[in-house]
Amino acid sequence: DTEVTQTPKHLVMGMTNKKSLKCEQHMGHRAMYWYKQKAKKPPELMFVYSYEKLSINESVPSRFSPECPNSSLLNLHLHALQPEDSALYLCASSQPYRDSRYGYTFGSGTRLTVV
Amino acid sequence: GNSVTQMEGPVTLSEEAFLTINCTYTATGYPSLFWYVQYPGEGLQLLLKATKADDKGSNKGFEATYRKETTSFHLEKGSVQVSDSAVYFCALSGLIQGAQKLVFGQGTRLTINP
């Protein structure tokens with residue numbers, strides 16, 4: 001299994017809603033990532049988990065809350081989002097974080113619209 | 001800090017034309033270099049990679065050579081197809097703040113006309 005699976009593929013939520021994005025991989029990768037991608041822009045790193053521990057938070061607002069329940073799963077909990085948070089949210093995984101040779105495997109993303 | 005600069009798009013070519021997308025980088029240490037492709041409505045797929053100087057990455061007819069002397073990793077393909085239409089991202093990976101981080105260029109949108 002060489003895939004990263006993200007659910008849901010599309011999500012529309014109101015500014016007062018609470019929702020979660022889910023990501024799963026079964027490649028034995030021990031680093032997992034959340035990226036945000038706006039239209040016609042490159043992905044921007046949000047969070048890095050290494051061995052199930054949060055190692056990087058790129059100054060992301062607290063309305064985004066990541067969680068890594070185990071080595072295969074990564075969640076992004078959303079609460080009180082703003083319309084400008086509408087974007088494609090990408091999950092990725094990689095080999096142990098100190099090895100930079102292999103790049104990342106990306107999921108197909110969740111397209112989020114905040115209304 | 002680490003950064004990647006790609007040629008600005010969009011790039012429009014006819015089928016069977018030769019493709020070059022330029023990519024240069026600035027980095028400390030010895031980063032690994034990647035090309036990712038993003039088809040409409042999809043996530044990013046790794047197209048090819050190179051992990052040290054003079055390495056050539058290749059896949060699906062695309063090639064790129066890690067040139068340390070010119071800090072470049074240009075993407076080339078000898079004969080493009082309509083199905084190659086996508087956005088291409090050059091990226092480098094290295095240790096930053098004690099963890100691996102992937103730094104992307106701005107992306108180049110490629111359109112191939114039949």
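Chain letters run A, B, ... following the sequence lines, proteins first, then strands; residues in each count from 1.
- Using a 4.5 Å heavy-atom threshold, the side chains of A/Thr105 and B/Leu46 count as separate.
- In the hydrophobic clustering of ILVMFWY residues, with side-chain heavy atoms under 4.5 Å counting as a link, B/Tyr39 and B/Leu19 come out together.
- Between A/Ser94 atom OG and B/Lys101 atom NZ the span is 13.5 Å, to the nearest 0.5 Å.
- Counted within 6.0 Å of NZ on B/Lys52, heavy atoms from surrounding residues, nucleotides or ligands total 12 or fewer; the atom is thus considered open.
- Linking Ile, Leu, Val, Met, Phe, Trp and Tyr residues whenever their side-chain heavy atoms come within less than 4.5 Å leaves A/Val4 and A/Leu76 in two separate clusters.
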### Task
For side chain to side chain contact (heavy atoms under 4.5 Å, CB included), just list the numbers for A/Lys40 and B/Val87, CA-CA rounded to whole Å, side-chain angles, deciding distance to a tenth of an Å, and then say yes or no.
CA-CA 9 Å; A/Lys40 299 186 179 183; B/Val87 179; over 6 Å; no
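- At a 4.5 Å heavy-atom cutoff, A/Glu44 makes no contact with chain B through either its backbone or its side chain.
- For chain A, no part of B/Gln45 is nearby; none of its heavy atoms comes within less than 4.5 Å.
- B/Leu102 and A/Tyr104 get closest at one heavy-atom pair: N-OH, 3.2 Å.
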Pair up each side-chain donor or acceptor in residues 66-75 of chain A with any protein partner under 3.5 Å, not counting sequence neighbours, and list the distances.
| from | atom 1 | to | atom 2 | distance (Å) |
| --- | --- | --- | --- | --- |
| A/Glu67 | OE1 | A/Asn75 | ND2 | 3.1 |
| A/Glu67 | OE1 | A/His77 | NE2 | 2.7 |
| A/Asn70 | OD1 | A/Ser72 | N | 2.8 |
| A/Asn70 | OD1 | A/Leu73 | N | 3.2 |
| A/Ser72 | OG | A/Gln25 | O | 3.4 |

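- No more than 12 heavy-atom neighbours from other residues, nucleotides or ligands sit within 6.0 angstrom of CD on B/Glu16.
- A/Leu90 and A/Met46 sit in two unconnected hydrophobic clusters of ILVMFWY residues. Membership requires side-chain heavy atoms under 4.5 Å apart, directly or through other members.
- Crowding of A/Lys41 atom NZ: a count of heavy atoms from other residues, nucleotides or ligands under 6.0 Å not exceeding 12.
- The number of heavy atoms from other shown groups lying within 6.0 Å of CD (B/Gln81) is above 12.
- Following chains of ILVMFWY side-chain contacts shorter than 4.5 Å, one can reach B/Leu47 starting from B/Tyr66, so the two form part of one hydrophobic cluster.
- A salt bridge does not link B/Glu42 with A/Lys9: every distance from a Lys NZ or Arg NE/NH1/NH2 to an Asp or Glu carboxylate oxygen is 4.0 Å or more.
- Among residues 104-114 of chain B, the residues having any heavy atom closer than 4.5 Å to a heavy atom of chain A are, in sequence order, B/Phe104, B/Gly105, B/Gln106, B/Arg109.
- Among all heavy-atom pairs drawn from B/Phe89 and A/Pro42, the shortest one is CE2-CA, 3.5 Å.
- Both B/Val4 and B/Phe73 belong to a common hydrophobic cluster when Ile, Leu, Val, Met, Phe, Trp and Tyr are linked at side-chain heavy-atom distances under 4.5 angstrom.
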